[in-house]
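Both ligands and their constituent atoms are indexed starting at 1 by order of listing.
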Amino acid sequence: MATILVSSPLAGDAVQGLRQRGHEVVQGEPAEGLGHDGLIAELERHPGTEAMICLLTDRIDEQVLAAGRSLRAVANCAVGIDNLDLQALRARGVVATNTPGVLTDATADLAFALILDACRNVTLGDRVVRAGQWRGWAPTLLLGPRVSGSVLGIVGFGRIGQAVARRARGFGMRVLYSSPRRASPELERELGASFVSLDELIGSSEILTLHCPLTPATRGLLSRERMLSMRKGAVVVNTARGACVDEAALVELLRSGHLAAAGLDVYDREPHVSDALKSLPNVVLAPHLGSADRPTRERMAQMCIDSVLAVLEGRTPEHVVT
Ligand code: GLV
């Protein structure tokens, strides 16, 4: 029977499945996970640990793997894998997996929540009401950019980008996308989405939403220069990874009014959010909730358990990334 380290409590009771099979589960207590150093400490305390379930905030690098010499499987409870040193994992023959597919709709839903909120001032209005500052309906109260009928630019047209396009149809939006690979003509037709270059996308969109993975190619993709080339009054939404956007430049352009608003779920140094961002009224700040509907998080946990069990039982897991 194996020892399995789980970085934090997970949604649902999938972890019970490991115990029922007789495995020993060492589970981190903090809801936010043990983190890089905490995982190392637990791996040193349990030297025979054969599998680990980690969070997107746990950096899995050579140091962690050196502490977990018996590790055979690392299941990342996320679709993004920018926290994994794939080279180090491969070099040690550790199988790493992620959780694609199950969080597509949840993340697209949250992107839309941020689109609607950033444009239509729901959170800002809530603050006004709670502060007792609402004096009644006014023709100029909290006016924002339109959502219905606007031009939506989608950066990255994988599962989540496509799910956002599907939702945009219901809002009568004109959907443009850019992606390393162009979708099939059938899919473009079905989603009513037009393929354009990244620069054309950025220059044309009224609302720009990011759905690309964080890779060396996408780090800093939404640079100051690119944001300056956006239409005046455009809106930026990011549910991908914070490092895809130049956060300081975003603050500057939101402050100057070049950009009307932003909706952010991800940040460069989570959970740190700069005071500059927090001081802006025209930004909606969510605490990385993209996949946070209950059934989705429960499915992600189950996928991690299934992946770990597959490796321990000598099978190939479904979503190997190494
Ligand atoms: C969330 O950000 C994920 O990568 O699953």
Heavy-atom contacts with Leu103 under 4.0 Å: which atoms of ligand 1 show up? List them by number with element. 5 (O)

For Tyr177 and Glu188, test the side chains for any donor-to-acceptor distance below 3.5 angstrom and give the result as yes or no. yes

For His288, the ligand 1 atoms with a heavy-atom partner under 4.0 Å come out as 1 (C), 2 (O)

For the CG atom of Asp37 and the CD atom of Glu42, what is their distance to the nearest 0.5 Å? 12.5 Å

N or O contact, Leu56 vs ligand 1, cut-off under 3.5 Å: no

Shortest protein heavy-atom distance from atom 5 (O) of ligand 1, along with the residue and atom involved: Val79 N, 2.8 Å

Would you mind running through ligand 1 and noting each atom that sits below 4.0 Å from a heavy atom of Arg241? 1 (C), 2 (O), 3 (C), 4 (O)

May I ask you to say whether Arg130 pairs ionically with Asp126, meaning some side-chain N is under 4.0 Å from a carboxylate O? yes

Are the aromatic rings of Phe171 and Phe112 close, with centres under 6.0 Å apart? yes

May I ask you to decide whether Arg174 forms a salt bridge with Glu206, counting only side-chain N to carboxylate O separations under 4.0 Å? no

